[in-house]
Amino acid sequence: MFLVGVGLFGIGDGDEPGWLSTALASEDSDVVAAIEAYEAGELDRATDHLDAAVARRGERAELYYDRGLLLLAQGDSDAARAAFQHGTESSEIPVRASSHYELGNLAMVAEDWQAAIDAYIECLRALPDHQNAKWNLELALLRKQEQEEQEKKEQEEQDKQDQEEGEDGEEGEDGEQDQQDGEQDQQDQQDGEQDQQDQQDGEQDQQDQQDGEQDQQDGEQDQQDGEQDQQDQQDGEQDQPPPEPESGEEEQAPAQPIEGGDLDAALDELDRQDSFMFGRPRGSRRPVEKDW
């Protein structure tokens with residue numbers, strides 16, 4: 001709640017005697033009006049009165065605390081946190097303790113358990129009898145313990161999962177590597193067989209080439225032998241003597257050249273021996289029966 005004016009700050013052991021009456025005599029009317037407006041839910045009017053008090057009295061730590069409460073009611077947690085932080089600088093114990101307490105509450109809402117614990121401890125250092133701070137401190141310690149246990153459990157589960165995944169990954173990698181090695185070995189074997197087949201094919205091609213050369217040589221040799229046989233046959237025909245006459249046949253004398261006079265005589269003799277002369281028969285002449 002709001003601290004009503006300066007006179008309500010610093011109540012406790014060790015204060016100078018008579019200060020409370022002096023403070024009450026100097027209550028700020030704008031602060032009082034701001035308190036009334038805040039309690040009535042009129043936050044804008046409360047802000048206006050508080051600004052007026054700040055304008056007259058300056059940025060005092062207790063006014064920062066009051067402003068923090070207003071900002072918190074308006075839903076501006078970040079600005080309220082900054083205002084309460086300034087309130088912790090107050091030399092007045094209630095203001096300093098209440099500022100730490102509100103900071104602890106903001107940390108609890110944000111589930112920042114360690115920040116809440118630190119704020120409640122500072123509140124209790126300033127005001128050991130602050131019952132709400134004691135209660136909230138125990139709650140913050142409990143929440144932090146639960147959080148740590150949960151984080152530890154999650155970390156253990158994560159480590160276990162990582163270990164299992166690592167083992168599975170190694171086994172998977174080993175299995176995959178073995179499979180790849182097996183496939184490579186199979187490929188190497190096929191390559192070796194192919195190389196062997198290529199070598200055999202090369203040897204066969206070489207043998208075929210040799211056979212072709214041998215066939216060519218045999219063909220040339222056969223051709224030479226045929227030409228030699230033909231030459232031998234020709235030579236044999238030239239060396240063969242002329243055929244001898246058969247028995248009982250007289251050897252005809254070679255024809256002698258005929259002189260010109262002898263040729264005429266021979267022709268006359270042939271005319272006498274032939275019954276036709278120039279295509280006409282000799283003897284009686286008969287008339288031609290038919291005119292051709």
Side-chain angles (χ1 to χ4, degrees), residues 1-113 115-140 143:
M1 64 179 177
F2 270 65
L3 298 179
V4 183
V6 179
L8 296 183
F9 296 146
I11 298 177
D13 296 339
D15 293 329
E16 296 180 1
W19 76 270
L20 181 55
S21 59
T22 303
L24 290 176
S26 62
E27 287 183 353
D28 191 290
S29 60
D30 283 317
V31 173
V32 174
I35 295 172
E36 293 176 353
Y38 174 82
E39 293 178 350
E42 300 175 0
L43 301 181
D44 292 338
R45 189 165 67 90
T47 302
D48 292 338
H49 285 292
L50 186 60
D51 290 341
V54 171
R56 288 196 319 275
R57 306 182 63 175
E59 297 287 349
R60 303 184 60 169
E62 62 274 9
L63 297 179
Y64 270 113
Y65 173 79
D66 290 342
R67 187 178 296 279
L69 292 178
L70 270 175
L71 292 170
L72 189 61
Q74 293 172 345
D76 193 348
S77 298
D78 293 336
R81 184 180 295 106
F84 290 137
Q85 191 66 46
H86 283 294
T88 61
E89 299 171 0
S90 175
S91 59
E92 303 296 334
I93 294 177
V95 175
R96 188 169 63 251
S98 295
S99 296
H100 283 298
Y101 176 76
E102 294 297 340
L103 288 174
N105 292 342
L106 287 173
M108 288 285 286
V109 173
E111 295 185 356
D112 187 352
W113 314 124
I117 292 171
D118 295 340
Y120 292 138
I121 289 176
E122 291 298 325
C123 175
L124 292 173
R125 285 178 179 173
L127 198 61
D129 293 335
H130 200 300
Q131 298 298 322
N132 289 341
K134 291 181 180 179
W135 172 260
N136 288 351
L137 176 60
E138 293 180 0
L139 183 60
R143 292 290 185 267

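This chain uses plain numbering: 1 for the first residue, then up along the sequence.
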Expected list for residues 132-140: side-chain donor-acceptor pairs under 3.5 angstrom, two or more places apart:
residue, atom, partner, partner atom, Å
Lys134, NZ, Pro128, O, 3.4
Asn136, ND2, Tyr101, OH, 3.3
Asn136, ND2, Asn105, OD1, 3.2
Asn136, ND2, Tyr120, OH, 3.3

Do [X] and [Y] have side-chain heavy atoms sitting under 4.5 Å apart?
| X | Y | answer |
| --- | --- | --- |
| Glu102 | Leu106 | no |
| Val32 | Glu36 | yes |
| Thr47 | Leu71 | no |

Show the nearest heavy-atom pair for residues [X] and [Y], with the distance to one decimal.
| X | Y | answer |
| --- | --- | --- |
| Leu127 | Ala97 | CB-CB, 3.7 Å |
| Ala80 | Gly68 | CB-O, 3.5 Å |
| Leu124 | His130 | CD2-O, 3.4 Å |
| Arg96 | Ala126 | NE-CB, 4.1 Å |
| Leu69 | Tyr38 | O-CE1, 4.0 Å |
| Val95 | Ala61 | CG1-O, 4.1 Å |

message: Can you tell whether the side chains of Arg56 and Asp28 come within less than 4.0 Å, N to carboxylate O?
response: yes

message: Salt bridge or not between Arg45 and Asp48? Use side-chain N to carboxylate O under 4.0 Å.
response: no

Spacing of [atom1] belonging to [X] relative to [atom2] belonging to [Y], to within rounding of 0.5 Å:
| X | Y | atom1 | atom2 | value |
| --- | --- | --- | --- | --- |
| Leu43 | Leu72 | CG | CG | 10.5 Å |
| His100 | Gln85 | NE2 | CD | 7.5 Å |
| Asp44 | His49 | CG | NE2 | 11.5 Å |
| Arg60 | Ser91 | CZ | OG | 8.5 Å |

statement: Exactly one candidate in Leu50, Val54, Ile35 meets side-chain contact (heavy atoms from CB on, under 4.5 Å) with Asp66; the answer is Leu50

query: What about Tyr64 and Phe84, are their ring centers closer than 6.0 Å?
result: no

query: Is it true that a side-chain atom of Ser90 and a backbone atom of Gly87 form a donor plus acceptor pair closer than 3.5 Å?
result: no

